[in-house]
Amino acid sequence: NSMQEVYDFSPEAIFVPGNIVPYYLPGVKIQVFHGYAGEKKGHWVIRHYFDTYFTQGPHFTKGFEALARKHGDFEVLETGWPRQDWVKAHLHAFDADKQTLLRKYDRKQIVLYAPTFSPKLTSLPFMKEALVELVHKRDVLVIIKLHPLTRPEWVEEYKELAANHEHILFMDDFSVAKYQLMADVMISDTSSVIYEFLLKDKPVITYRASNKDIRWKDITEVSQLCSAFDEVLTDEESIRQRQWVVANYDPYLDGKVAHRMLEGARDYIRRHGVPRKRAVNLWRKYTSIKTFGWVKRR
């Protein structure tokens, strides 16, 4: 409940799904990331808070190993991303729910619409009519799952859309993970969930994604949605691109990511001992204290 409690507990390892951790805490400090969107601002910035980076796959390992050689004050270990263990354990947990929905609405496939919340990047202002056209012209059930930070007015617009169309459902529970496993195709824009869906070897359609290295079907006009849907289901090049993402972004769907992370922490401690604190410059110390507060040190 407080940083003082963490300090007094004196951890041997701290796994951090963020960009900053108090430098004064004891324990090996391990960056484990919070997604796959390497194009997002700050993903490759080295802030010197971490003793080691546990990367998701070869694409990220290669980049951080180059940065490790440049800076010389942290290590890199490829473990996979821990959420993949949950995915492995639940791959077929929602199959019955999916079949129930398809039978209830007499549809053949589920399409997940999961846009980002960012006003600059989201497809929300443009996609409503295209989703209606999709359910009218294709034998699909559309599930809308919005980010928790989505503007309230957009949430209400899409709730109303679902209320007026039998084959469009609005889901307001917190997690999108269940619907990623249930869906056959996902529609998005510039969101990290794109990679999570591709890693399940399923096709993605985005609207004007800002990503630099697009390995899925991106459309520039919402009128292209139906034809894009037909294309991604069978297009061999789309399949090859998805498989490249799986091989390079995170190939570890073996249910053992957390095990590798724990063993990686133990191995670091065997070789280096438990660090008492992390050496950072004055600015990083100030940022750390401003963010997390100070503690009474022994």
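Numbers here simply count residues along the sequence, with the first being 1.
Clustering ILVMFWY residues whenever any of their side-chain heavy atoms sit less than 4.5 angstrom apart, transitively, puts Leu77 in the very cluster that holds Met261. Residue Val140 is grouped with residue Val132 when hydrophobic side chains (ILVMFWY) are merged at heavy-atom distances under 4.5 angstrom, including chains of intermediate members. Tracing side-chain contacts under 4.5 Å through hydrophobic residues (I, L, V, M, F, W, Y), one never reaches Ile187 starting from Leu121; they form parts of separate clusters. Residues Val204 and Leu141 are members of one and the same hydrophobic cluster, defined by side-chain heavy-atom contacts under 4.5 angstrom among Ile, Leu, Val, Met, Phe, Trp and Tyr. Both Leu181 and Leu112 belong to a common hydrophobic cluster when Ile, Leu, Val, Met, Phe, Trp and Tyr are linked at side-chain heavy-atom distances under 4.5 angstrom.
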Practice item. Please assess Phe74 against His48 for the test ring pair (Phe, Tyr, Trp, His ring centres under 6.0 Å), listing each intermediate value before the final yes or no. Key: CA-CA 8 Å; Phe74 63 87; His48 301 285; 7.5 Å; no
Exercise for review: Using the side-chain hydrogen bond (donor to acceptor under 3.5 Å, both in side chains) rule, take Lys296 and Gln4 through it: C-alpha gap first, then chi angles, then the decisive distance, then the call.
Suggested key: CA-CA 7 Å; Lys296 183 179 179 181; Gln4 186 67 53; over 6 Å; no
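Taking CG of Leu134 as the start and CD1 of Ile205 as the end, the distance is 7.5 Å to the nearest 0.5 Å. Rounding to the nearest 0.5 angstrom, the gap separating the CD1 atom in Ile110 from the CD1 atom in Ile143 is 4.5 Å. Note that CG of Leu124 and OG1 of Thr116 are 8.5 Å apart. Values are rounded to the nearest 0.5 Å. How far NE2 of His90 is from CD of Gln180: 13.5 Å, rounded to the nearest 0.5 Å. In this structure, the separation between OG on Ser238 and CD on Gln241 is 7.5 Å, given to the nearest 0.5 Å. Rounded to the nearest 0.5 Å, atoms CG (Asp139) and OH (Tyr105) are 14.5 Å apart.
Glu231 places none of its side-chain heavy atoms less than 4.5 Å from the side chain of Gln224. You'll find the side chain of Lys217 stays beyond 4.5 Å of the side chain of Pro203, heavy atoms only. Using a 4.5 Å heavy-atom threshold, the side chains of Ser118 and Thr190 count as separate. At a threshold of 4.5 Å between non-hydrogen side-chain atoms, the residues Met186 and Val111 do not count as touching. Contact check for Gln31 versus Phe54: no side-chain heavy atoms found under the 4.5 Å cut-off.
Counting non-hydrogen atoms of other residues, nucleotides and ligands closer than 6.0 Å to CD of Glu129 gives a total of 12 or fewer. Applying the 6.0 Å contact sphere to NE2 of His71 captures more than 12 heavy atoms from other residues, nucleotides or ligands. Enclosure of atom CG in Leu282 is not indicated, since only 12 or fewer non-hydrogen atoms of other residues, nucleotides or ligands lie within 6.0 angstrom. Annotation for Glu12: atom CD does not count as buried by contact number, only 12 or fewer foreign heavy atoms lying within 6.0 Å. Heavy atoms of other residues, nucleotides or ligands lying less than 6.0 angstrom from CD of Glu153 number more than 12.
Scored by the salt bridge (Lys or Arg N to Asp or Glu O under 4.0 Å) test, Asp201 finds Arg242 as partners (sequence neighbours excluded). Taking the salt bridge (Lys or Arg N to Asp or Glu O under 4.0 Å) definition, one finds that Arg208 meets it with Glu221, sequence neighbours left out. Take Asp106 and apply the side-chain contact (heavy atoms from CB on, under 4.5 Å) test, not counting sequence neighbours, and it matches no residue. For Glu237, the salt bridge (Lys or Arg N to Asp or Glu O under 4.0 Å) partners two or more places apart in sequence, or in a different chain, are Arg240. Legend: residues meeting side-chain hydrogen bond (donor to acceptor under 3.5 Å, both in side chains) with Thr55, ordered by chain and number and at least two apart, are Thr61. For Asn164, the side-chain contact (heavy atoms from CB on, under 4.5 Å) test picks out Glu160, with sequence neighbours left out. Legend: residues meeting side-chain hydrogen bond (donor to acceptor under 3.5 Å, both in side chains) with Arg151, ordered by chain and number and at least two apart, are absent. Evaluation of the salt bridge (Lys or Arg N to Asp or Glu O under 4.0 Å) rule for Lys178 yields Asp97 as partners, not counting sequence neighbours. For Trp294, the ring pair (Phe, Tyr, Trp, His ring centres under 6.0 Å) partners are Tyr24, not counting sequence neighbours. When the side-chain hydrogen bond (donor to acceptor under 3.5 Å, both in side chains) test is applied to Lys137, the partners found at least two apart in sequence or on another chain are Glu133. The ring pair (Phe, Tyr, Trp, His ring centres under 6.0 Å) search around His272 returns Tyr268, not counting sequence neighbours.
No salt bridge links Lys145 with Asp172; every basic N to acidic carboxylate O contact stays at or beyond 4.0 Å. Contact check on Glu263 versus Arg266 returns a salt bridge, with a Lys/Arg side-chain nitrogen under 4.0 Å from an Asp/Glu carboxylate oxygen. Of the charged side-chain nitrogens involved, none lies within less than 4.0 Å of a carboxylate oxygen, so that Lys200 and Asp184 do not count as a salt-bridged pair.
Asp173 and Tyr179 share a donor-acceptor pair across their side chains, judged by distance under 3.5 Å alone. Inspection of the Thr206 and Asp189 side chains reveals no N or O donor paired with an N or O acceptor under 3.5 Å.
Ring planes of Tyr53 and Phe64: parallel class, angle under 30° (limits at 30 and 60°). Between Tyr207 and Phe126, the two ring planes are tilted [angle within 30° to 60°].
Between Tyr36 and Trp81, the gap from one ring centroid to the other is short of 6.0 Å. Aromatic pair Tyr249/Phe60: centroids less than 6.0 angstrom apart.
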Hey, can you pull the donor-acceptor pairs under 3.5 Å for the side chains in residues 191-199, sequence neighbours left out?
unit_1 : atom_1 : unit_2 : atom_2 : d
Ser191 : OG     : Val193 : N      : 3.3
Tyr195 : OH     : Glu39  : OE1    : 3.1
Tyr195 : OH     : Asn211 : ND2    : 3.1
Glu196 : OE1    : Arg83  : NH1    : 2.5
Glu196 : OE2    : Arg83  : NH1    : 3.4

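With Thr150 contributing its side chain and Leu146 its backbone, the two residues share no donor-acceptor pair below 3.5 Å.
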